[in-house]
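Numbers restart at 1 for each chain; the letters A, B, ... are given by sequence-line order, proteins then strands.
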Number of protein chains: 2
Amino acid sequence: MALGNRKGTNAKLRSAAFKRVRADHSAELAGDYVEMIADLIDDHGEARCTDIAMRLGVANATVVKTLKRLTDQGLVTQEPYRAIFLTGEGWKLAEDGKRKHQIVEQFLLALGVPADTAKIDAEGIEHHVSADTLKAMAKFVSRNPFHSR
Amino acid sequence: MALGNRKGTNAKLRSAAFKRVRADHSAELAGDYVEMIADLIDDHGEARCTDIAMRLGVANATVVKTLKRLTDQGLVTQEPYRAIFLTGEGWKLAEDGKRKHQIVEQFLLALGVPADTAKIDAEGIEHHVSADTLKAMAKFVSRNPFHSR
DNA sequence: TAGAAAGTTTAGCATAGGCTAACTTATATG
DNA sequence: CATATAAGTTAGCCTATGCTAAACTTTCTA
Ligand SMILES: [Mn+2]
Ligand SMILES: [Mn+2]
Ligand SMILES: [Mn+2]
Ligand SMILES: [Mn+2]
């Protein structure tokens with residue numbers, strides 16, 4: 001019953017894949033927020049709602065609501081009408097996310113994708129890259145120093 | 001004002017990236033559904049709610065609700081208590097999606113990612129790959145015939 | 001330092017995409 | 001052919017993510 005077995009295995013793998021995608025998407029917004037907040041703090045000394053809203057391309061109120069969730073999740077701290085800070089956990093998540101994002105974007109560049117496109121595609125792809133794939137991408141980058149065209 | 005200009009350009013590119021990700025996610029579920037329905041019809045002669053639900057790892061009622069949206073979007077046709085069919089537009093979307101999915105998965109394999117991981121990661125990545133990136137991936141696959149390990 | 005401008009928050013709304021439980025219809029089997 | 005089982009549907013609930021408009025606070029500036 002090798003064939004039946006393969007079928008069963010495939011079925012499980014298939015639904016596992018979709019479950020992973022849904023889990024990735026659940027984590028995605030939090031990852032993008034903390035990464036952006038970390039960048040804003042590094043670049044400007046502080047992170048404000050308006051900047052986040054502008055960079056994400058969403059309304060201010062949307063950012064406020066999301067930050068409340070992130071605060072509940074222990075990633076962010078804030079006081080009314082003040083700038084936003086990251087907790088220890090928030091910083092860690094931001095660092096991990098930045099590293100992954102970096103590798104994915106460098107990888108796309110090394111593959112020969114135009115710079116603007118690489119930036120855009122990396123923003124979505126980064127959240128679906130497993131440890132194995134990230135390792136393979138990093139290896140490729142180190143073996144293929146970036147050459148334009 | 002080259003620097004100011006670069007900043008403005010980056011800001012626009014950044015928010016464009018997030019907007020693209022949100023658009024990709026809006027289109028994602030429809031793409032996965034029609035692809036799966038096409039596969040079911042090819043393999044079993046028909047596509048039923050239960051099969052879709054099982055393969056996606058969601059409840060039956062979720063599938064029913066989603067199919068209603070897809071019907072409204074003109075991708076799917078159905079009659080009560082009967083199997084599901086694709087419209088012309090649905091088939092086209094399914095074909096395009098399958099092709100893209102195929103390339104992404106083959107690409108990950110060619111990169112050296114383990115088969116199960118490639119399958120899983122491809123399910124998410126496929127929706128964030130632009131035409132440029134897809135072309136680069138296809139080229140890489142054709143130049144790097146799959147070698148395990 | 002008073003008032004205007006800028007930024008933040010709240011309230012209220014909408015849609016997508018999940019779930020369970022209860023009900024209805026179709027199909028398979030004795 | 002009658003009924004048990006399988007499949008599909010409906011209702012009602014929930015959370016995440018968006019939006020606009022209005023209210024409130026802080027900050028800048030004349
Ligand atoms: Mn991202
Ligand atoms: Mn995604
Ligand atoms: Mn697919
Ligand atoms: Mn997919």
Quiz item: Hey, is NZ on B/Lys119 packed in by over 12 heavy atoms from elsewhere, all under 6.0 Å?
Solution: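 Counting neighbours around NZ of B/Lys119, 12 or fewer heavy atoms of other residues, nucleotides or ligands fall under 6.0 Å, so no.
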Quiz item: Does the side chain of A/Ile125 reach to within under 4.5 Å of the side chain of A/Phe107, using non-hydrogen atoms?
Solution: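 Answer no - side chains too far apart.
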Self-check item: Aromatic plane relationship, B/His25 with A/His25 - under 30° parallel, 30 to 60° tilted, over 60° perpendicular
Solution: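 Geometry flag for B/His25 against A/His25: tilted rings.
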Take atom [atom1] of [X] and atom [atom2] of [N], then tell me their distance rounded to the nearest Å.
X: A/Glu28; N: D/dA16; atom1: CD; atom2: C1'; answer: 13 Å
X: A/Leu56; N: D/dC19; atom1: CG; atom2: C1'; answer: 15 Å
X: A/His127; N: D/dA16; atom1: NE2; atom2: C1'; answer: 16 Å
X: A/Ile52; N: C/dT8; atom1: CD1; atom2: P; answer: 9 Å
X: B/Gln73; N: C/dG17; atom1: CD; atom2: P; answer: 8 Å
X: A/Met54; N: C/dA6; atom1: CE; atom2: P; answer: 12 Å
X: B/Tyr33; N: C/dA16; atom1: OH; atom2: P; answer: 13 Å
X: A/Leu29; N: D/dT15; atom1: CG; atom2: P; answer: 17 Å

Quiz item: Any donor and acceptor pair, going by atom type alone, linking the side chain of A/Thr66 with main-chain N or O of A/Thr62 inside 3.5 Å?
Solution: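 A pair under 3.5 Å: yes.
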Exercise. Name the closest nucleotide to the A/Arg69 side chain, picking from C/dA16, D/dT17, C/dC19.
Key: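 Between C/dA16, D/dT17, C/dC19, the one nearest the side chain of A/Arg69 would be D/dT17.
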Quiz item: Pick one: which of A/Gln102, A/His101, A/Lys98 meets side-chain hydrogen bond (donor to acceptor under 3.5 Å, both in side chains) with A/Glu126?
Solution: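 When A/Gln102, A/His101, A/Lys98 are each tested with A/Glu126, the side-chain hydrogen bond (donor to acceptor under 3.5 Å, both in side chains) holds only for A/His101.
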Quiz item: D/dT17 phosphate, OP1 or OP2: any side-chain N/O from A/Thr66 under 4.0 angstrom?
Solution: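 Checking A/Thr66 against D/dT17: no side-chain N or O falls below 4.0 Å of OP1 or OP2.
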Polar atom pairs (N or O), protein with nucleotides 5-9 of chain D, under 3.5 Å:
residue: D/dG8; atom: OP1; partner: B/Arg48; partner atom: NE; Å: 2.8
residue: D/dG8; atom: OP1; partner: B/Arg48; partner atom: NH2; Å: 3.4
residue: D/dG8; atom: OP2; partner: B/Thr50; partner atom: N; Å: 2.9
residue: D/dG8; atom: OP2; partner: B/Thr50; partner atom: OG1; Å: 2.3
residue: D/dG8; atom: O3'; partner: B/Tyr81; partner atom: N; Å: 3.3
residue: D/dT9; atom: OP1; partner: B/Tyr81; partner atom: N; Å: 3.2

Quiz prompt | Residue among B/Lys100, B/Arg99, B/Lys92 satisfying salt bridge (charged side-chain N to carboxylate O under 4.0 Å, His left out) with B/Asp96 | solution =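 The residue from B/Lys100, B/Arg99, B/Lys92 that satisfies salt bridge (charged side-chain N to carboxylate O under 4.0 Å, His left out) with B/Asp96 turns out to be B/Lys92.
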